[in-house]
Protein chains: 2
Amino acid sequence: MARPGGRSARVQASVHAAVRELEAEQGREALTVPLVAARAGVTPSTIYRRWGDLQELLSDVAVERLRPDTEPADLGGLRADLTAWAEQFLDEMSSTAGRAYIRDALLGDPDGGNAGQCSAYAAAQVDLVLDRARERGESGFPAREAVMDHVVAPVMYRILFRPDGLSAEYVRRLVASALDRSTGR
Amino acid sequence: MARPGGRSARVQASVHAAVRELEAEQGREALTVPLVAARAGVTPSTIYRRWGDLQELLSDVAVERLRPDTEPADLGGLRADLTAWAEQFLDEMSSTAGRAYIRDALLGDPDGGNAGQCSAYAAAQVDLVLDRARERGESGFPAREAVMDHVVAPVMYRILFRPDGLSAEYVRRLVASALDRSTGR
DNA sequence: ACATAAAAGCTAATCGTTTGCGTTAGATGA
DNA sequence: TCATCTAACGCAAACGATTAGCTTTTATGT
């Protein structure tokens, strides 16, 4: 049975905070389980028992930081909304910090749960944009999955596998292409 | 100056072989640097010096195993060739072993060189298929980058971020969509 | 052949990781 | 409210991985 409240919750919050603080202060290279434990006021064995190893802990923290903190802007039309969201998505994900979080999230993730969460975040944002288009009465917009396949996936693939050749212009082409396709061109 | 020949090459081959053997015999969980070193007839410090840590070594080995070992089949036409290649690509990459290699390749890869190599392998295979179409005199085939964005990227994205919902049918749709788009629909 | 230096071997000290066991916080039900 | 039970934590010892310093081997260029 789970024990979400009380001490366990405090330990989790304290450890996560310690990771973020030390990451900001000394960089990820310097992170070790004993170091995090000391900052969090916890013994190393507690971390090993709860998270298994440093990578799984970093994965948890990374997913938190990849959660979108704002809704996509409403610029009055689907094309503008989707383009703006995709450009912001690229900015956040392709930054040095963003790449590090993506890697961490994928890394210490035996069952794929954390990676799935990242994908779900993006899908939810896309849904918001598409829902708005639907409410406006726009027609011919693409399915959520089409946007995931033809905008989100290429961006993430390039971030992970081809660190160069990413630009706002590239993302705009992807969005335009996804929209054109859905309108029957 | 580099010293590619002789002892260094023997050590590299021996260590790589040891990784593959132990991985097959005992599974990746059991792998440690001292264990690999012992099997390879090498001291641990040699491995630490050349590869840094176990992850970077595994990343090197994983890239080797992700190198395509056969050319894409020639079935007489672009659509058939590309579809067949993409289905095989999905099979190899989405298998348990394939996912493990992809993860390893991304994992111990500070500068992104190994990940870039993986992408280059896929791009080369796509080029072979497209070159053949060009030689046949087919027209209206997509650019290499279009195939990477709309076929390879979605497949890899789903493998990494959404472990379910992958099927040969899904890949066929991606290929068909990429081809339709390039012919002006 | 000889000189040079890159890469590997060796050893010891350090540090991270794992594990067993006792203790405590806090959830549960009378 | 109080008694009880247990998951989670602290502690400390044992273990294994990593690093540093030094020596030895051996490609490579002259």
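Just the heavy atoms: all of them, side chains too, but no hydrogens, waters or symmetry mates, feed the values below. Just so you know, these numbers come straight off a predicted model, no measurement behind them. Letters go in sequence order (proteins before strands), and every chain restarts at 1.
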Nearest-0.5 Å distance that lies between atom CE in B:Met148 and atom OH in A:Tyr157
3.5 Å
Using a 4.0 Å heavy-atom cut-off across all strands, classify B:Thr32 as base, sugar-phosphate, or nothing.
sugar-phosphate
Please determine if a side-chain N or O atom of A:Thr46 lies less than 4.0 Å away from the OP1 or OP2 oxygen of D:dC9.
no
Could you check whether A:Arg20 pairs with A:Glu25 (Lys NZ or Arg NE/NH1/NH2 to Asp/Glu carboxylate O, under 4.0 Å)?
no
Can we say B:Arg79 and B:Asp180 salt-bridge, meaning some charged N sits less than 4.0 Å from an Asp/Glu carboxylate O?
yes
Can you tell me if B:Arg50 touches the phosphate of C:dA7, counting only side-chain N or O atoms and a distance under 4.0 Å to OP1 or OP2?
no
Without decimals, in angstroms, what is the distance between A:Asp53 CG and C:dT18 P?
7 Å
Report the distance from atom OH of A:Tyr48 to atom C1' of D:dA13, rounded to the nearest whole Å.
16 Å
Whole-Å gap separating P (C:dT18) and CD (B:Glu29):
11 Å
From CG of B:Leu58 over to P of D:dA17, roughly how many Å is that when rounded to an integer?
14 Å
Side chains of A:Asp109 and A:Ser59: any donor to acceptor distance under 3.5 Å?
no
Quick one: do B:Arg132 and B:Glu138 make a salt bridge, cutoff under 4.0 Å?
no
Which of these nucleotides, D:dC9, C:dC10, C:dT19, is closest to any side-chain atom of B:Ser45?
C:dC10
So for A:Ser8 and D:dC9, does any side-chain atom that can act as donor or acceptor lie under 3.5 Å from a complementary atom in the base?
no
Distance-only donor-acceptor test (3.5 Å): side chain B:Arg7, base D:dA27:
no
Axis-to-axis angle across the helix from C:dA1-D:dT30 to C:dA30-D:dT1, five pairs an end, to 10 degrees?
50°
Rounded interatomic separation in angstrom, taking CH2 from B:Trp51 and P from D:dA17
18 Å
Is it the case that the side chains of B:Arg50 and B:Gln12 hold a donor-acceptor pair, with the cut-off being a distance below 3.5 Å and no angle test?
yes
Pick the closest DNA chain D nucleotide for A:Arg49 and for B:Arg49 by heavy atoms, then say which residue is nearer the 5' end.
A:Arg49
